[in-house]
There are 4 protein chains.
Amino acid sequence: MIAIIRPDVEQQKIDSLCDWLRSRGLGVHVAVGEFQTIVGLIGDTTALDIGLLEGLDIVERVQRISEPFKSANRKFHPDDTVIEVGGVKLGGGNFAMIAGPCSVENRNQILQVARSVKESGAGFLRGGAFKPRTSPYDFQGLAAEGIDLLLEAKRETGMPIVTEIMSAHHLPLFEHVDVIQVGARNIQNFELLKELGHIDKPILLKRGIAGTLKELLMSAEYVMAGGNEKIILCERGIRSYETATRNTLDLSAVPVLHELSHLPVVVDPSHATGVARLVRPMALAAAAAGADGLMIEVHNDPRNALCDGAQSLTPEEFADVARRVREIRSIIHD
Amino acid sequence: MIAIIRPDVEQQKIDSLCDWLRSRGLGVHVAVGEFQTIVGLIGDTTALDIGLLEGLDIVERVQRISEPFKSANRKFHPDDTVIEVGGVKLGGGNFAMIAGPCSVENRNQILQVARSVKESGAGFLRGGAFKPRTSPYDFQGLAAEGIDLLLEAKRETGMPIVTEIMSAHHLPLFEHVDVIQVGARNIQNFELLKELGHIDKPILLKRGIAGTLKELLMSAEYVMAGGNEKIILCERGIRSYETATRNTLDLSAVPVLHELSHLPVVVDPSHATGVARLVRPMALAAAAAGADGLMIEVHNDPRNALCDGAQSLTPEEFADVARRVREIRSIIHD
Amino acid sequence: MIAIIRPDVEQQKIDSLCDWLRSRGLGVHVAVGEFQTIVGLIGDTTALDIGLLEGLDIVERVQRISEPFKSANRKFHPDDTVIEVGGVKLGGGNFAMIAGPCSVENRNQILQVARSVKESGAGFLRGGAFKPRTSPYDFQGLAAEGIDLLLEAKRETGMPIVTEIMSAHHLPLFEHVDVIQVGARNIQNFELLKELGHIDKPILLKRGIAGTLKELLMSAEYVMAGGNEKIILCERGIRSYETATRNTLDLSAVPVLHELSHLPVVVDPSHATGVARLVRPMALAAAAAGADGLMIEVHNDPRNALCDGAQSLTPEEFADVARRVREIRSIIHD
Amino acid sequence: MIAIIRPDVEQQKIDSLCDWLRSRGLGVHVAVGEFQTIVGLIGDTTALDIGLLEGLDIVERVQRISEPFKSANRKFHPDDTVIEVGGVKLGGGNFAMIAGPCSVENRNQILQVARSVKESGAGFLRGGAFKPRTSPYDFQGLAAEGIDLLLEAKRETGMPIVTEIMSAHHLPLFEHVDVIQVGARNIQNFELLKELGHIDKPILLKRGIAGTLKELLMSAEYVMAGGNEKIILCERGIRSYETATRNTLDLSAVPVLHELSHLPVVVDPSHATGVARLVRPMALAAAAAGADGLMIEVHNDPRNALCDGAQSLTPEEFADVARRVREIRSIIHD
């Protein structure tokens, strides 16, 4: 961390700042430039509040040099993390499709979709039991019943399941769930993240609606600090000024996250675009950008879906996308 | 709600759409334009999933005509909501300052700050006991002990207190808290909002980090749908591409929210700007824009604050701001 | 276009609005809903100022139903536009790579790069002669001399050339240039666009730094309204709050623009990301998303480039990208 | 400027970087931290391309320490710039209102508006003769005739006039114009800015549609580098994801620009909000935030205005705003 000192500050004030920093256990390094003086802080600055330093009269601004995340940082963990559940691997060269309906609606629906996506090569079954809806008047999911239906589909097809949690209260219901998803709206629900740090299951973390990549990694850090290092990161589109798509899918997140972190990165083109006919091109693009997996909504009857039917592929469309994705992966990795 | 039909769609398909909409209890009105046909939906469209309609092949796009919020909507509740706690009023022409430290740190600090801001005319004492921090390694607040210290300051000064909740788990600790705050990162933590709908205390809702005004009102709707109509809305800056300030304070939110809703609107210039020297001009601007209250961080010793000292005013600076704010209010309302 | 009337407006005022609209040559259609009345406008509303209608007391808001662009609109021109220059085609199933250095620096550099990218299969040579730089103290390009060097490279290799114009003043220098580029910063320089409408050369239009897709199409409309219909659209990243990359490459722009317009769409991953090591994954992703072409910076000696060396590929890296892009295209179109 | 070196880079490569930097005339200062090495560059780094340095393999990232603008920088010019035209002053404690219609429409309109705003205390008359419109089919302004009408209004009322230029071609028409405005869409039309650096008239620069404050100052730098130091900066709202207002008025720009620069700052609440009923609260807020002036659209007949009638105040509304603004200024400066 470096603090840039305002011009024309008396030397005595700079000395006093340095003394105070040293009293907090930090090494201090002063560089006097032509126009400005810079105070470099050496040591563990995670304990120092950046805002505090910025607030001092003599400080113009403060810049971090090293990233504030440790466990998720590739610098300290150069090898790719591989997530393995029920024989399916994701990360470190292993690619997996996570497919299924936005919401679990009934037994017939989830079984039908599960069978068809398995046949097309999906590794995981997804389905929402608890649904975060902007309006309190919208369908909120089948809750416990939805999870039971997902578990039935798991027993029948053998596919591990991924579903979203909305409150630590509900954790007992997730006992047999394979991967727990935290949605974009809860990605800075730090109390929930802390709880998930104490369990032994992979956690899929969706980037915030307008979250930075660093914030996503800090949310991973919250879980990892509790001891659970099985994290899957998910790019799902960010909020921008552009209204032509629901969100702006930021595919450069894939290579950037791979540089910054050893954690696997999946992409959700369904929520990002909000429109089924954009899912195919964006799924292929995500694969070409190097994603470790894709999360795609598939519904056997999109027109009558209770939630987000607009963005669901039919099983046939999914099969086509899955095949082309496999081919693209062979090109980028040859 | 209206659905704009793609050009060159066969009449039969449009008829089939209309039948289906009528089967869901909606009135239907078809207008044939020069280039396009529009299907208008009459009746309660809150039960209809907009995404579903958008997903149909023959539909180009769907536009809402009426707002999806009801209880918070000024159209149905023309009179201003007034929040009254412990003799202090906010809203409907009543202005109040909410002042205090970012975090409660110790007995001496909170009592000193409480006395000084009361003397300067603040109506509410604020202070963080549970702190949402981006990093798991940052100070997380004094928790229950912090609330006890706030209650002690309340007993001594008579000021009602405002403090943030981060999990419905902690609700029992908030029994004697006067106003419960939901922070920007939890504003779409719908499980928490639902719980707060069942208690009888004012809830202060902060706009999301990149939240729209409509989303803020929908979050209010979540609480109100549970029966608790005592809501205070808070503008605290939004995320934009500009990095010169921590957030971009959107003061037009004040008159816009006043148009859309009957709920009172306060502004937090401290978190928005992140820098103490910008708090004064933005506080005065917020008052001039018509805010019903201001939420300002005040610390007796900003340099040694454990959290966000950078954005705290000293008690003397706060007294000066409070005086000028009162004068500005007399000008805009004469 | 529809105007949504505020609730509780007297009928007489609505009638008066309708009369006024009819006096401007528009058909009017009034639909009375449960809560609100909607006035639909039928006919050519391009002549009506939307802002004016929105400003009326009785109008709550106005929504466009049909897009304000005509010549660029696929609805009126269903067939893909194909741009053909010097035997190279772009659009309508024809894919082309546009490659070359950010700035033309000297004879040796531009000839070396031209030969190598041609060998790798590039269709067009790009190179900046006039450079829009944020700082007046940065290198501003070789101007006329740069264009001469590009023309020399064209004569030697036979590749058509693409270069940026910054002022209509400079048009005489562009006489032998094959494709004229308008940069992101000039995309709403309407005086320049009007001038380009009167010449007979393809114009490559870059999306604005924070431009919407509709604005890009309206800028195309400015050129096309003058009679020049040879437009290439270019996605080059948009400004968002995320600072991990220079811009946020919005690849969903490719399929969305293909839906809205018949014009070809190319993607520039070099400017979007600003970092050479992100160019490969984003170039492959853009091809997978269905782009009609790619615009990639290539430099024979990136470390000593005068401008944006950071984002240039070496000729060898470009050859590798070009080969994989061809393979990806065969997959998405099989 | 500092360059942060990637971890585990061999010392020899760092030495080679340092040698190369020294060969470009810079002083170099290497600081070895616990995890990373930082290379500090001392001297005039404006000539060094930041992108180039960022592109090197061994460099993780580069951070500027000092601002890239010089002439506009308060550090080198601590005293406020005061713009004086025709006896009216703006900046350095002098406040001025700039009022008038969006477009000049006819003789009667501009004279009526000019007389009424002068009576209410406006210092400058504004009016558009050349109008940058997103659509080529919208009204484009009266051009030369509009300027003639403005000059007639100037002769009659004695008010200096402000009007927008869209191309350096038109400069001869601006000979008797007092202040030349550059609009948001041309603020990075560097060729135009260079031309304006060679004339002797105040230039009012509007912040870009999604422009940063640093970019606005760099655009000022373009004009000032040519010798013309009479610059007025204008905040006019920025593009964000929020659609409740046309733009998001960023009032913190006022105190931030005052810190960074000595140039006067005016605020345009009319374009920012796009709606007349939001102009009053935002104008008062801008005055409270410390603006040196306001730019407000006033029309004698907003309903029939040819352009942006929606955001124009009537002369009576303007008179009320002007009076309250004066009172607010007396409070913030007492």
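Fair warning: this is a prediction, and the values are worked out from it, not measured in the lab. Letters go in sequence order (proteins before strands), and every chain restarts at 1.
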Toward chain D, the part of Glu215(B) with a non-hydrogen atom under 4.5 Å = neither

Greatest number of heavy atom pairs closer than 4.5 Å to chain B - which of Gly211(D), Ala286(D), Ala283(D) = Gly211(D)

Choice from Ile331(B), Ile332(B), Leu213(B), Thr273(B) maximising heavy atom contacts with chain D below 4.5 Å = Ile331(B)

Winner by heavy-atom pair count (cut-off under 4.5 Å) against chain D, out of Thr248(B), Thr243(B), Leu260(B) | Thr248(B)

Scan Val279(B), Leu278(B), Val275(B) and name whichever one has a side-chain contact (heavy atoms from CB on, under 4.5 Å) with Pro255(D).
-> Leu278(B)

Nearest 0.5 Å, what's the OG-CZ distance between Ser252(B) and Arg246(D)?
-> 12.5 Å

Counting heavy-atom pairs under 4.5 Å to chain B, which of Gly237(D), Ala288(D), Ala272(D), Gly290(D) comes out on top?
-> Ala288(D)

Is it the backbone or the side chain of Arg207(B) that comes under 4.5 Å from a heavy atom of chain D, or both, or neither?
-> side chain

Can you tell me how far CD of Glu242(B) sits from CZ of Arg239(D), rounded to the nearest 0.5 angstrom?
-> 16.0 Å

Are more than 12 heavy atoms from other residues, nucleotides or ligands located less than 6.0 Å from atom CD of Glu119(D)?
-> no

Kindly compute the distance separating OG1 (Thr245(B)) from CG (Asp250(D)), expressed to the nearest 0.5 Å.
-> 5.5 Å

Non-hydrogen side-chain atoms of Ile238(B) and Ser240(D) separated by less than 4.5 Å | yes

Is the count of non-hydrogen atoms from other residues, nucleotides or ligands lying under 6.0 Å from Lys75(D) atom NZ greater than 12?
-> yes

